[in-house]
Amino acid sequence: MRVQVKVVSGRAVMSFLFFLFAHICFTQPIIIKANQPKAKIEPTMWGVFFEDINFGADGGIYAELVKNRSFEFSNPLMGWTIKQKKFREGAVVVQNRQNSNTANPRYIQVNVEHAEEADITLINEGFRGMGIKKDLRYYFSLMYQQPLATKLQLHVSLIDTLGNVLGDTVFVPTLNDGEWHKQSVSFLSHATFPKAQLKIDFTGEGSISLDMLSLFPADTWKGRPGGMRADMVQLLADMKPGFIRFPGGCIVEGRDLNNRYQWKKTIGPVEERQLIMNRWNVEFAHRPAPDYFQTFGLGFFEYFQLAEDIGASPLPILNCGMACQFNTAEVAALNQLDPYVQDALDLIEFANGDTTTHWGKVRASLGHPAPFHLQMMGIGNENWGPQYLERLDIFTKAIKSKYPDIKLVNSAGTDPDGERFDFLNKALRKRNADIIDEHYYRRPEWFFANAGRYDNYPRNGSKVFAGEYAAQSDKTVSVNNRNNWQAALSEAAFMTGLERNADVVSMASYAPLFSNADAWQWTPDLIWVNNLQVYGTPDYYVQQLFSLNKGSVVVPALQNGKALEGQDSLYASSCIDDVTHELIIKIINASSVTKMQAINIEGVKKLSNKLKCTLLKADDLMAVNSFNHPSAIHPFMAEQPVKGKKFDVQIPAQSFAVYRIQFE
Ligand code: AHR
């Protein structure tokens with residue numbers, strides 16, 4: 001009997017050991033040299049890149065629900081449907097006052113014949129519908145002009161697809177003096193509906209001119225009227241980003257110079273901000289968005305305010321006198337560059353100037369007398385070639401002679417390698433550029449393979465801004481790219497290399513940031529939204545974990561005397577948080593087996609006996625988050641007791657682990 005038990009138990013032990021060795025791998029210890037600081041980590045290290053792409057601003061974070069509120073889209077009635085009980089010629093007329101109002105020339109005139117019941121109805125479809133929430137207040141506003149004789153009522157309602165009313169009110173224009181007036185009314189919605197429409201029925205008699213028909217929810221970020229979607233801003237705030245880059249991206253360049261981003265046209269009263277076509281409207285024939293325009297309701301003042309709200313350093317990128325080189329490649333002649341350069345100089349004054357300066361006074365008049373503390377600015381987005389350098393030199397000279405402390409971000413073009421990159425990188429380093437903006441849209445294999453990219457970069461001179469990166473599960477601009485776990489894991493591996501080389505890389509941001517699931521042009525993206533929901537992708541949580549565990553100074557994390565850059569599919573970096581006196585260790589296990597990893601901490605007197613771990617993982621590399629499962633992949637926390645300065649951690653297959661431990 002005893003013998004039998006022994007035999008059975010021996011088999012069990014054998015099969016357990018077999019299981020263990022098949023699924024758990026024991027590796028060489030990782031040595032953390034906590035008393036060998038290598039590089040200071042800039043507070044700006046991990047940031048966000050904002051661009052109005054994928055309906056990121058209009059139809060996205062800018063909470064306006066009415067599409068084409070000012071009738072300035074190329075087709076003036078796009079987004080609007082006009083219904084009449086009995087058709088009358090000229091019941092609704094699009095008027096143009098180009099000579100007196102160049103920024104906002106169009107408005108509509110509604111001519112109502114004596115009507116007790118609505119004989120004219122306007123319907124706005126919103127940005128792929130309007131997301132309406134139960135018990136939330138909505139603010140409807142418009143600009144109107146009407147003569148003395150007009151006596152009209154506007155019956156304003158939100159309706160679902162079947163025409164059921166979700167909330168309504170009556171709007172009575174009160175002034176009949178023939179002047180333009182702004183008026184608003186608010187009402188509650190008593191139901192939630194993701195794709196509602198705005199309906200306006202006219203009763204009474206007379207004609208009225210209407211412009212800037214607008215609808216905002218009350219629950220904007222910080223409750224600001226005409227503000228931003230709080231749920232979207234919250235996800236940014238939750239990252240505690242070191243900087244926010246705005247307004248892009250290619251949108252800075254425009255398809256041609258006329259279509260470029262001009263910050264001065266994006267501040268002040270919204271009705272005076274001149275709308276332009278969004279360049280992503282027509283960029284991809286396979287993803288057309290003919291209703292994509294920039295109203296600039298979210299403009300430069302709001303960007304600076306957003307940066308301040310979320311504690312991020314503002315990083316505006318300005319047009320350098322060149323349109324997108326993938327499109328027209330139009331350039332401003334060198335002797336015509338002054339207005340472009342002046343825009344840059346004026347922006348610095350707008351952000352930082354005291355209120356006695358012209359632009360400082362403008363900022364104060366917009367409600368922000370205190371400066372925005374602008375410290376850096378980008379000149380050009382993805383511009384390249386000698387034309388870029390010629391223009392950059394003119395900007396640099398003008399800006400540095402007036403504002404020597406402003407750091408300038410220069411473009412290294414569209415790719416992280418190749419002739420264009422080499423040409424620019426060499427030329428910019430020769431010029432001792434402050435910060436060079438490198439972009440990488442590559443497959444996950446590239447990100448894994450390039451975790452050591454900066455190990456041998458020059459340590460002095462220009463810093464690198466990893467300004468736009470995202471692992472492409474298929475290929476750049478493919479509609480098949482997915483924000484899957486493999487892509488996110490590869491970015492985490494790459495980011496350990498950025499952190500390890502924080503003396504070379506001073507800033508990094510994933511791109512693009514937002515995507516409206518019903519109206520996108522570009523995938524993958526960090527955060528996906530629809531009219532009522534938002535979710536962070538696995539990539540979002542990778543970015544968040546790096547940012548929340550930034551640390552102040554890098555210390556070596558070595559295996560067999562070498563940085564971990566993929567040996568046995570392990571990637572690691574380590575830093576110290578000077579404020580909390582914690583050691584932070586980030587490890588990516590990209591293999592398909594769990595690793596039992598020994599960690600030895602050198603150069604500390606004492607370690608706490610509590611190791612905190614935040615883990616991000618998925619069993620399936622193709623796994624994604626979604627509106628139905630927004631947290632399928634998200635960080636979870638655990639604690640482990642430790643004794644002494646050597647301990648073991650079990651790192652699951654295909655995972656990203658962040659460990660924190662206090663030390664003396
Ligand atoms: O992030 C999307 C686009 O990719 C950016 O606008 C551009 O800078 C890059 O090519």
Side-chain angles (χ1 to χ4, degrees), residues 47-58 60-61 236 243-256 259-261 276-284 286-287 289 292 294 303 315-320 322-329 377-385 388 409-418 420-421 424 435-443 446-447 464-479 481-483 487 491 507-516 519-528 537 539-540 543:
V48 291
F49 161 100
F50 183 91
E51 175 166 20
D52 191 3
I53 184 172
N54 301 318
F55 283 59
D58 289 287
I61 201 168
L236 301 186
F243 68 89
I244 177 165
R245 168 185 176 146
F246 55 86
C250 293
I251 209 148
V252 169
E253 302 156 61
R255 294 182 66 78
D256 57 24
N259 185 232
R260 75 187 190 276
Y261 198 102
I276 59 171
M277 184 195 82
N278 187 305
R279 55 148 299 124
W280 298 106
N281 181 318
V282 287
E283 185 67 15
F284 302 123
H286 57 286
R287 296 290 304 172
Y292 200 5
Q294 290 182 269
Y303 282 126
L315 171 53
I317 307 285
L318 296 196
N319 186 296
C320 64
M322 299 176 78
C324 180
Q325 288 160 276
F326 288 120
N327 301 144
T328 61
M377 172 188 273
I379 305 301
N381 174 46
E382 283 184 344
N383 297 111
W384 67 79
Y388 174 57
V409 173
N410 297 176
S411 158
T414 54
D415 292 276
D417 43 38
R420 279 181 194 151
F421 175 83
L424 278 181
I435 305 166
I436 302 178
D437 179 11
E438 300 187 5
H439 293 184
Y440 345 72
Y441 294 99
R442 292 288 190 269
R443 285 189 48 84
W446 185 94
F447 283 90
V464 170
F465 168 29
E468 293 185 29
Y469 60 91
Q472 314 286 297
S473 67
D474 187 17
K475 55 179 183 283
T476 320
V477 310
S478 162
V479 293
N481 286 323
R482 294 285 173 269
N483 285 99
E491 288 149 11
M507 295 189 297
S509 48
Y510 182 101
L513 183 59
F514 288 121
S515 188
N516 180 326
W520 56 270
Q521 296 75 50
W522 181 293
T523 181
D525 306 287
L526 202 63
I527 295 167
W528 287 76
T537 58
D539 317 70
Y540 170 83
Q543 294 294 316

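In listed order, ligands and their atoms are each counted from 1. In this text the structure is predicted, and so the values were computed from the model without any measurement.
Looking only at protein heavy atoms, the nearest one to atom 6 (O) of ligand 1 is Glu51 OE1, 2.5 Å. Nearest non-hydrogen protein atom to atom 8 (O) of ligand 1 is Glu468 OE2, 2.7 Å.
Put simply, the side chain of Phe514 reaches to within 4.5 Å of the side chain of Leu236, judged on heavy atoms. Side-chain atoms of Tyr303 and Pro316, non-hydrogen and from C-beta on, never get closer than 4.5 Å to each other.
Between Glu51 and Arg245 there is no salt bridge, since none of the side-chain N atoms of the basic residue sits less than 4.0 Å from a carboxylate O of the acidic one.
At least one heavy atom of Pro512 sits closer than 4.0 Å to an atom of ligand 1. Distances from ligand 1 to the non-hydrogen atoms of Trp280 include at least one value under 4.0 Å. Ligand 1 lies within reach of Tyr441, whose nearest heavy atom is under 4.0 Å from it. The closest approach between Thr414 and ligand 1 stays at or above 4.0 Å for every heavy atom of the residue.
The closest donor-acceptor contact from the side chain of Asn319 to the backbone of Met322 lies under 3.5 Å.
Considering backbone and side-chain N/O atoms, Cys250 comes within less than 3.5 Å of an N/O atom of ligand 1. Looking at ligand 1, you won't find any N or O of His439 less than 3.5 Å from one of its N or O atoms. Where the criterion is an N or O separation shorter than 3.5 Å, residue side chain and backbone included, Glu382 meets it with respect to ligand 1.
Residues Asn278 and Asp58 have side chains that never bring a donor and an acceptor to within less than 3.5 angstrom of each other.
At a 4.0 Å heavy-atom cut-off, ligand 1 touches Asn381 through the side chain alone.
Note that Arg287 lies in the cation-pi zone of Trp520, set by a 6.0 Å cut-off to the ring centre and a 45° limit from the axis.
With rounding to the nearest 0.5 Å, the separation of CD1 in Ile527 from CD1 in Ile61 is 8.0 Å.
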